[in-house]
Amino acid sequence: MVARTRSSAAGAGGGVVRLDTPVKFLKGIGERRAESLARLGIATARDLLWHLPHRYVDASAVTPLARAEVGHEVACIGRVVAKRVVPTRRGLRIFHAVLRDDSGLLECVWPGQAFLDRTILVGQTLLVSGPVRFYHGRQMAPREYLVLADAEGEADPLAGGKVLPVYPATEGLSHKVIRTLIERHLDQLIPLAEEAMPPGIRERLALPSVAEALDAVHRPRSAEAAELGRRRLAFDELFDLQLMLTRARLLAKRERGSGVAFVLKKELTSRLRGALPWTLTADQVQAIREVTGDMTASRRMHRLLMGDVGTGKTVVALFAMLLAVENGYQAALMAPTELLAEQHAATLERLLAPLDLRAELLLGKHTPAEKEAVRRKLAQGAARLVVGTHALVQESTVFDRLGLAVIDEQHRFGVEQRGALIGKGAQPDVLLLTATPIPRSLALTLYGDLDVSTLRERPPGRGTVRTALRTANQRDKVFSFVEAEARAGRQAYVVLPVIEESERADLRAASTMAQTLQARWPDLVVGLVHGRMKPAERDATMERFRAGQVHVLVATTVIEVGIDVPNATIMVVEHPDRFGLAQLHQLRGRIGRGTSESYCILLADDAVPERLRAFAGTLDGFRIAELDLTERGMGDLIGARQSGDVTVRHARLPDDTDLLTHARDLARDLLDRDPALHRPENRVLRERALARYPRAVELFRVG
Ligand code: ADP
Ligand code: MG
């Protein structure tokens with residue numbers, strides 16, 4: 001309430017500024033800047049105030065230029081005293097800049113970035129960070145640089161050992177401009193932030209007030225103070241998120257209600273067990289028991305089966321599917337790609353052959369007549385099992401009696417698509433599969449209404465996978481090794497990244513790589529697959545690789561999922577730093593599927609970054625999931641990008657797991673007492689959650 005009365009005073013001079021005032025009405029921000037700010041998601045004064053630095057530069061962590069040692073990663077600050085663009089013999093243009101500070105000089109080089117000549121100017125003070133190497137002298141190849149001051153006269157914002165906030169910036173709006181804008185409005189805006197945290201909690205969690213927190217993140221006295229401020233704001237964000245998720249769960253549970261109580265008839269399920277070519281792992285047995293328990297209960301199953309690649313999720317899903325079928329229902333398995341769907345279909349075909357059963361396959365690429373035929377069988381109930389892609393959720397697909405929906409790689413589907421498949425039946429049971437393991441505590445928090453089964457153990461008899469880190473100057477040795485292995489009868493993948501912005505150049509790199517290798521080994525067969533090939537062509541090459549007719553397969557990430565070639569024991573990954581860790585882990589899962597030892601070789605461009613060392617040091621998918629989580633933040637994990645209804649910007653996991661747990665418990669308590677947040681004392685909380693999450697509007701509309 002205090003904020004209300006103060007806000008008019010704060011706005012003196014212009015109109016009254018409130019938190020929902022559009023930024024273009026703030027001093028120093030016109031239409032143009034407002035447009036740039038909009039690109040950062042900043043529309044109102046509130047957004048500006050909550051636009052937090054994504055990192056801090058702490059003067060005490062900066063290395064004097066003279067002490068930047070070869071072989072280390074450092075951050076330095078210096079004034080640009082000279083610069084030039086140097087062409088190399090290979091046509092690459094390198095931008096050089098020499099920095100000076102009180103201790104001495106350091107040369108910085110940016111290969112292939114001659115354009116920096118237009119933005120980096122003599123006289124500017126730069127912060128640079130990156131590895132230092134030796135090349136005619138000490139040289140840094142900055143991974144990142146930041147202009148701290150433009151001209152000699154301008155004060156160095158780090159002078160006096162300060163902690164400098166660095167804000168996410170955008171084109172036409174440098175981090176410096178943003179910093180200045182925010183600084184200018186802080187005194188006016190901070191008092192408008194209402195304290196919404198229920199009393200007592202702040203003390204319990206030792207967090208600052210919201211006003212203190214905002215002040216600390218924007219004007220930190222120390223890195224620790226900034227971090228404490230961030231934690232407070234992260235807590236608010238997680239709390240709002242938990243309010244929303246808990247509420248969504250509440251409504252979902254009300255709706256979920258009861259489903260089919262299947263009966264374990266031990267017909268098809270027992271026959272499958274008897275016909276399996278191998279013994280189930282203990283984890284598989286346990287997962288099947290859990291799934292059976294859910295399906296035979298009258299409440300609907302809503303279970304997530306989590307397990308690294310190769311842990312054998314498909315057979316668990318098949319048990320569930322057969323349980324539905326032996327009760328006279330249909331079961332569907334939906335996969336995110338045609339390749340994956342085909343692989344599942346092949347697996348099912350093998351496992352089902354002794355049972356005289358088969359699964360239909362429904363893919364977008366099939367002819368209209370083929371699709372029509374499958375759809376007719378599904379509608380009439382003649383087909384009991386179906387595997388497919390999104391084609392399954394199209395309107396024209398109708399089931400006679402869908403009892404179980406299995407969704408593979410569930411995070412790759414949007415909420416709507418999952419909902420659409422589930423909606424094809426009357427209260428079908430749901431089994432979600434994921435090869436992206438997440439720590440159990442997090443799984444419970446994020447998917448609180450899901451029951452979770454985990455496969456940790458890999459089926460026995462597999463060779464181990466060793467991960468080696470090499471750099472570009474060892475490339476020749478690496479490929480000699482690949483050759484030797486190929487001549488000894490094994491097969492190899494060579495993986496290259498394709499990122500969207502430079503897709504064309506990346507695809508060219510992949511085909512050049514294939515040609516180069518083919519020229520190097522005229523008597524071996526080198527294949528190439530990438531995402532832009534015609535599916536038929538790509539599948540043909542994959543098939544030849546599977547059949548052992550292709551020795552080395554150059555590929556982009558299309559092999560990430562869905563290919564299972566036990567004889568492939570080597571994987572070379574080029575530019576590994578351009579992959580996410582979870583993605584690398586998925587890739588690595590493509591080898592080590594046979595009985596021999598496998599090798600995953602990461603061929604880094606330059607110095608091997610720490611993240612790759614950590615990756616190489618473990619095969620544990622849960623550990624990697626944690627590392628990946630730290631790298632990407634939580635937004636990605638909970639599918640914010642896909643569904644667009646949840647964003648987490650301030651929280652960092654797993655560091656903030658404690659906050660998450662508290663937020664969840666508190667949100668539950670609160671909603672137990674006030675399910676739709678209608679009470680006056682919860683008004684501020686309700687408003688904050690609504691402002692943050694558009695989806696909350698619909699969730700809290702009704703009581
Ligand atoms: P994922 O969990 O990655 O989906 P799959 O279900 O595709 O794994 O199984 C990987 C491979 O392991 C398949 O070829 C499958 O037939 C095989 N497999 C599954 N369970 C076992 C087991 N208990 N023993 C031996 N091989 C198994
Ligand atoms: Mg699978």
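Side chains are part of it too, since the values below use all heavy atoms of this structure and drop only hydrogens, waters and symmetry mates. Positions are given from 1 along the sequence. Counting starts at 1 for both ligands and their atoms, in listed order.
- Using a 30° and 60° split on the angle between ring planes, Tyr493 and Phe545 fall in the tilted class, from 30° to 60°.
- Here CG of Asp656 is found 8.5 Å from CG of Leu660. Values are rounded to the nearest 0.5 Å.
- Checking only distances, Gly312 does come within under 3.5 Å of ligand 1, N or O to N or O.
- With respect to Arg487 and Asp523, a salt bridge is recorded, a charged nitrogen being found less than 4.0 Å from a carboxylate O.
- Looking at Gln284, Arg593, Lys313, it is Gln284 that brings a heavy atom closest to atom 20 (N) of ligand 1.
- Counting only distance, with no hydrogens or angles, the side chain of Glu597 and the backbone of Arg466 share no donor-acceptor pair below 3.5 Å.
- Side-chain atoms of Asp577 do not come within 3.5 Å of backbone N or O of Leu612 as any donor-acceptor pair.
- Listed by number with element, the atoms of ligand 1 under 4.0 Å from a non-hydrogen atom of Thr281 are 23 (N).
- Shown in contact with Thr314 at under 4.0 Å from a heavy atom are these atoms of ligand 1, numbered in order with element: 4 (O), 5 (P), 6 (O), 7 (O).
- Using a non-hydrogen distance threshold of 4.0 Å, Thr347 does not register as a contact of ligand 1.
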Exercise for the section: Apply side-chain hydrogen bond (donor to acceptor under 3.5 Å, both in side chains) to Thr397 and Gln394, showing your working. Expected result: CA-CA 6 Å; Thr397 310; Gln394 274 160 18; 5.5 Å; no
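- Residue-level proximity to ligand 1 for Leu433 is absent, since no heavy atom of it falls below 4.0 angstrom.
- Applying the 6.0 Å contact sphere to NZ of Lys265 captures more than 12 heavy atoms from other residues, nucleotides or ligands.
- Counting heavy atoms closer than 4.0 Å to ligand 1, residue Thr279 contributes backbone atoms (N, CA, C, O) but none from C-beta onward.
- The shell of residues lying under 4.0 angstrom from ligand 1, judged by heavy atoms, includes Asp308.
- Counting the atoms of ligand 1 from 1 in the order shown, those under 4.0 Å from a heavy atom of Leu280 are 23 (N).
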